[in-house]
Amino acid sequence: MAKEAQWVQVGKRQIALSNLTKTLDPTGPVVKAEVVNYYLSVAPTFLRHARGRPLSLVRYPDGIEGEQFFQKSRPDWAPEWIGSVRLDRKSQNYMVADAVADVVWLANLACLELHVTQGRIPHPERPDQIVFDLDPPPDFGYTRVIELATELGEVLRGYGYHPFAKTSGQKGIHVVVPIEPRWEIPDVMAAANEVAADLVRRYKDEATLNWSKKARETRVLIDLNRNRKGQTAVAAYSLRGKPGLPVSMPVTWEELATLRDASPYTHATVPGILEDRGDPWEAMAAYAVAIHTDRKAVPVAADPATLAAYKKKRDFDVTSEPGPLLGKEDMARFTIHRHHATNLHYDLRLEQDGVLKSWALPRGLPHQPGVKRLAVEVEEHPIKYLTWEGVIPKGEYGAGPMWVYATGRYSVTKEKKTGFYFRLHSEQLNADYRMHRTQGKQWLLERVHEPDRDWLEGSVPPLLCEKVDAVPIGNDYQYEVKWDGIRAIFTVIEQEVRIWSRNGNDITDQFPEFDATGLNITTGVLDGEIVVLDEVGRPEFGRVIKRLHSRGEGAIARAAKKHPAVCYLFDCLYLDGRPVVRDPLEKRRAWLEDLIRPDTAFRFSQSVEDGELLFKAAKQQGLEGIIAKRKGSRYSPGRRPGTWLKIKSEHDVTLRIIGYTRGSGARSDTVGSLVVAEEAEDGLVYRGHLGSGFTDRALEELAEALLPMAKTERPDFIPEDQDKSAEWLKEAVYCDAIYSSLTSGGMLRQGMYKRLRGDI
DNA sequence: GGAGCTC
DNA sequence: GAGCTCCAACGCTCT
DNA sequence: AGAGCG
């Protein structure tokens with residue numbers, strides 16, 4: 001072990017990291033610590049595609065400018081927990097990554113590139129994907145490679161495959177199709193060859209299968225050799241040993257079409273992108289099909305006419321949800337129902353011998369390794385329940401709504417005496433579980449691997465609004481009231497609720513009225529707006545903000561009693577063991593409505609179809625505005641402008657800054673917000689607080705920018721030194737007095753009101 | 001990057 | 001103790 | 001037979 005080794009704990013493994021400050025990419029420069037960090041952060045996603053595949057390491061112990069070498073066999077000094085597999089009698093003992101710790105250990109070996117075979121355990125000799133490596137000659141424009149990859153994608157669809165794309169991390173593009181692991185390599189090669197030859201026939205001047213340099217000249221090599229025995233291709237999310245440490249990055253077909261080169265994807269950017277938009281390949285395994293040369297009927301003849309027709313409707317196809325799974329007759333299917341009978345529960349159904357083996361899961365699916373959930377074996381169900389969804393009428397057994405929570409295919413990865421391990425592949429859920437019989441009909445369901453992203457850990461940045469001036473009209477939208485209060489993300493773990501502000505601050509303690517008894521849920525992430533309502537049911541921002549600022553248990557309890565808050569929930573991001581952010585808005589909201597218990601502090605934010613009407617009503621009621629949401633849209637934490645629009649109900653407001661609040665945070669130099677009032681017929685009307693958590697300096701700048709916009713530069717009641725707005729803002733005592741008067745009850749106190757009004 | 005071998 | 005060496009592989013093509 | 005190729 002090198003002398004300066006640093007020990008880290010990854011899962012249950014301890015790993016010695018050596019030479020962390022060694023530069024591996026001098027052009028960055030990038031040191032080894034950053035490489036380890038990269039692989040640590042993408043490991044759960046990386047493993048989804050690489051787990052169980054024999055590895056080739058490309059190691060750069062002296063950095064990308066030093067010597068590089070391949071390594072396949074498992075060195076005998078590897079820790080005992082690094083797994084391995086032998087492809088045949090006389091082959092290597094290939095290493096196989098299974099857990100995050102394995103990836104970190106490999107990263108420490110300065111193994112920048114990880115390459116994998118197309119087969120994986122338990123059938124390493126039967127590929128479960130075909131890779132088409134598009135390898136352009138020098139000076140072949142990237143855009144043209146993309147075009148060719150896109151065409152290849154279409155040809156593959158014509159043959160009934162579901163293609164996925166990634167950058168190679170260098171000049172090329174890899175098009176990958178998942179297949180069922182049922183054929184030997186020669187059969188798979190033959191199928192691949194047929195499709196590639198088809199493409200080459202259509203694009204004679206662009207593409208070739210001929211591998212010799214001379215014959216290739218200026219054409220792209222469609223390299224099928226990556227599919228051969230013992231051959232590997234760079235793994236999805238692997239780094240490449242090139243300047244800047246680019247990544248072999250899975251992309252959606254839409255993303256691919258907009259790429260101009262592969263430069264956006266590097267060790268530095270990929271973790272953020274992944275966090276932002278997830279893994280485009282996540283559901284890949286659910287789209288495995290039989291190779292086209294061995295199907296009973298070839299689904300689509302690959303003649304040019306068919307392809308043209310396909311191309312025509314492709315725009316629609318690509319932008320909408322993926323189509324139905326193909327070839328499902330060849331693999332075992334599964335469904336999980338959310339069944340809101342007398343007692344809410346889930347039903348896990350696995351296809352086996354022509355029936356659905358079923359278990360009732362009273363508390364949903366486990367969300368994390370180590371979490372176990374009871375699973376009670378129930379009677380087998382007929383296959384037709386795979387897709388059944390609806391309401392079981394009152395009086396019948398199990399009366400109540402039953403939703404398809406996830407459906408796709410599954411594979412048993414390991415059989416044990418007391419149970420089995422299985423992996424779910426679907427659009428909704430891709431995870432490994434262990435089913436373990438404890439006694440009789442009682443089983444325990446346990447999650448095996450870490451999720452890509454732990455939705456229940458800490459806060460999730462909420463999807464934000466974009467302000468617009470007019471109500472977007474159309475059948476594409478649904479409309480909700482814009483509740484004027486505190487945006488809050490709720491995380492529920494078991495029976496514990498935590499509340500997070502939009503900036504990720506934990507505000508749980510401020511609102512003791514929100515507890516899990518109001519929600520029919522075991523684990524979840526919900527999005528809503530906390531409001532305090534006035535006598536006629538209008539949100540009073542001043543009151544709720546006061547709730548946010550009260551300190552001390554006693555004060556909070558008193559405030560909660562005086563001004564009880566409710567929360568209008570409008571979205572659901574995670575539900576009992578699976579993220580739902582990628583389900584369409586309507587589905588998320590249907591689930592949400594179902595999980596809110598009546599007569600609690602939680603309410604469902606109703607939506608309506610008529611935007612104009614709601615807008616008019618909102619204006620009449622003095623509400624802040626309405627929100628238009630695009631139907632079918634996903635939830636993109638952190639933002640995605642254009643999917644969610646906020647409309648101000650008043651446009652020509654003249655605001656005046658009448659004070660500021662002291663911040664409630666720990667930093668003494670922060671100012672809470674500007675207190676703004678609107679000019680009305682009969683004086684100033686409090687409109688709320690602008691921003692929060694400014695430093696004095698930032699606030700001065702903001703005030704300077706805003707003051708000229710106000711009708712009067714400064715209200716008359718501000719004492720002395722009228723010239724310097726910044727100094728005016730520093731009149732803390734005075735403004736605090738205004739603040740408290742403004743916010744007691746959300747109204748201007750009598751005296752102050754008079755003073756503000758009349759007599760300015 | 002780590003280990004085994006050689007001097 | 002320092003210095004050197006090893007650490008892959010397939011199948012096809014060209015020479 | 002051996003080197004080259006990715």
Side-chain angles (χ1 to χ4, degrees), chain A residues 1-6 15-24 31-33 35-36 39 53-79 82 84-96 103-119 124-125 127 131-138 140 168-174 184-186 188-190 192-193 196 208-217 219-235 238 240-242 248:
Chain A
M1 217 46 67
K3 53 263 156 206
E4 284 171 47
Q6 184 178 319
I15 301 169
L17 301 176
S18 56
N19 301 323
L20 284 174
T21 54
K22 185 165 181 174
T23 302
L24 294 186
V31 298
K32 200 167 88 171
V35 170
V36 173
Y39 275 113
R53 296 188 192 280
L55 292 169
S56 290
L57 324 184
V58 189
R59 297 182 50 192
Y60 294 77
D62 296 312
I64 61 174
E65 291 176 1
E67 249 176 69
Q68 141 220 1
F69 63 90
F70 272 75
Q71 181 169 355
K72 286 192 168 181
S73 43
R74 179 187 189 282
D76 46 19
W77 43 267
I82 297 287
S84 64
V85 66
R86 214 175 274 281
L87 282 183
D88 59 63
R89 268 298 176 144
K90 53 180 195 102
S91 87
Q92 306 291 315
N93 208 8
Y94 286 86
M95 283 178 275
V96 174
V103 180
V104 171
W105 180 78
L106 290 167
N108 179 59
L109 290 180
C111 150
L112 294 182
E113 300 191 4
L114 290 154
H115 297 230
V116 290
T117 65
Q118 313 315 314
E125 74 295 345
V131 49
F132 299 83
D133 176 4
L134 275 59
D135 187 8
F140 195 96
S168 76
Q170 300 187 161
K171 302 242 149 138
I173 292 171
H174 292 177
E184 307 275 355
I185 286 168
V188 175
M189 281 294 291
N193 217 349
T208 175
L209 279 168
N210 196 328
W211 173 95
S212 93
K213 269 228 152 107
K214 223 197 288 173
R216 256 152 76 182
E217 292 172 342
R219 289 175 292 178
V220 174
L221 169 66
I222 314 293
D223 184 4
L224 303 178
N225 291 314
R226 272 37 277 151
N227 300 294
R228 287 187 189 284
K229 191 182 90 181
Q231 291 294 89
T232 56
V234 68
S238 168
R240 304 306 303 264
K242 291 283 181 259
S248 179

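In what follows, chains are A, B, ... by sequence order, proteins preceding strands, each numbered from 1. No experiment lies behind these values; they were computed from the predicted model shown.
Computed from coordinates, the A:Arg74 CZ to B:dA3 C1' distance equals 15 Å when rounded to whole Å. Distance CG (A:Leu17) to C1' (B:dG1): 12 Å, rounded to an integer number of Å. The distance between atom CD of A:Gln68 and atom C1' of C:dA8, rounded to the nearest whole Å, is 12 Å. If you take CH2 of A:Trp77 and P of C:dC7, they are 13 Å apart, rounded to a whole angstrom. Atom NZ of A:Lys72 and atom C1' of C:dA8 are 5 Å apart (whole Å). For the pair A:Leu209 CG and C:dG11 C1', the computed distance is 15 Å after rounding to whole Å. Between the C1' atom of C:dC10 and the CD atom of A:Glu125 lies a distance of 17 Å, rounded to the nearest Å. Between the P atom of C:dC7 and the CG atom of A:Asp76 lies a distance of 13 Å, rounded to the nearest Å.
Residue contacts for A:Lys32: at a heavy-atom cut-off of 4.0 Å it reaches the sugar-phosphate backbone alone, with no base atom in range. Across all strands, A:Lys229 comes closer than 4.0 Å only to sugar-phosphate atoms, never to a base (heavy-atom distances).
Under a cut-off of 6.0 angstrom, the local environment of NZ in A:Lys171 is sparse, with at most 12 non-hydrogen atoms contributed by other residues, nucleotides or ligands.
Contact check of residues 54-63 of chain A against DNA chain B (heavy atom, cut-off under 4.0 Å) returns A:Arg59, A:Pro61.
A:Tyr39 and A:Val103 make their closest contact through CB-CG1, 3.7 Å (heavy atoms, listed as atom of the first residue, atom of the second, distance). Here the shortest heavy-atom pairing between A:Pro136 and A:Gly172 reads CD-CA, 3.7 Å.
Listed by chain and residue number, A:Gln71, A:Trp77, A:Ala78, A:Met95 satisfy the side-chain contact (heavy atoms from CB on, under 4.5 Å) test with A:Pro75 (two or more places apart in sequence, or in another chain). Legend: residues meeting side-chain hydrogen bond (donor to acceptor under 3.5 Å, both in side chains) with A:Asp135, ordered by chain and number and at least two apart, are absent. Applying the side-chain contact (heavy atoms from CB on, under 4.5 Å) criterion to A:Ser248, with sequence neighbours excluded, gives A:Lys166, A:Val234. Applying the side-chain hydrogen bond (donor to acceptor under 3.5 Å, both in side chains) test to A:Arg228 and every residue at least two apart in sequence or in another chain returns A:Asn225. Remark: A:Glu125 engages no residue in a side-chain hydrogen bond (donor to acceptor under 3.5 Å, both in side chains) (not counting sequence neighbours). Annotation: side-chain hydrogen bond (donor to acceptor under 3.5 Å, both in side chains) contacts of A:Thr117 (sequence neighbours excluded): none. Residues that satisfy the side-chain contact (heavy atoms from CB on, under 4.5 Å) test with A:Val96, not counting sequence neighbours, are A:Val85, A:Ile121.
One C1' atom belongs to C:dA8, the other to D:dG4, and the distance between them is 16 Å to the nearest Å.
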Can you give me the N/O atom pairs linking the protein to nucleotides 2-6 of chain D at distances under 3.5 Å, or say none if there are none?
{"unit_1": "D:dG6", "atom_1": "OP1", "unit_2": "A:Lys213", "atom_2": "NZ", "d": "2.5"}
{"unit_1": "D:dG6", "atom_1": "O3'", "unit_2": "A:Asp135", "atom_2": "OD2", "d": "3.4"}
{"unit_1": "D:dG6", "atom_1": "N2", "unit_2": "A:Gln231", "atom_2": "NE2", "d": "3.0"}

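For A:Ser73, a side-chain nitrogen or oxygen approaches OP1 or OP2 of C:dA8 to under 4.0 Å. Taking only side-chain nitrogens and oxygens, A:Thr232 never comes nearer than 4.0 Å to OP1 or OP2 of C:dA8. A close approach under 4.0 Å does occur between a side-chain nitrogen or oxygen of A:Asn108 and OP1 or OP2 of B:dG2.
Of the candidate nucleotides C:dC12, C:dA8, B:dG1, C:dC12 has the atom nearest to the side chain of A:Arg228.
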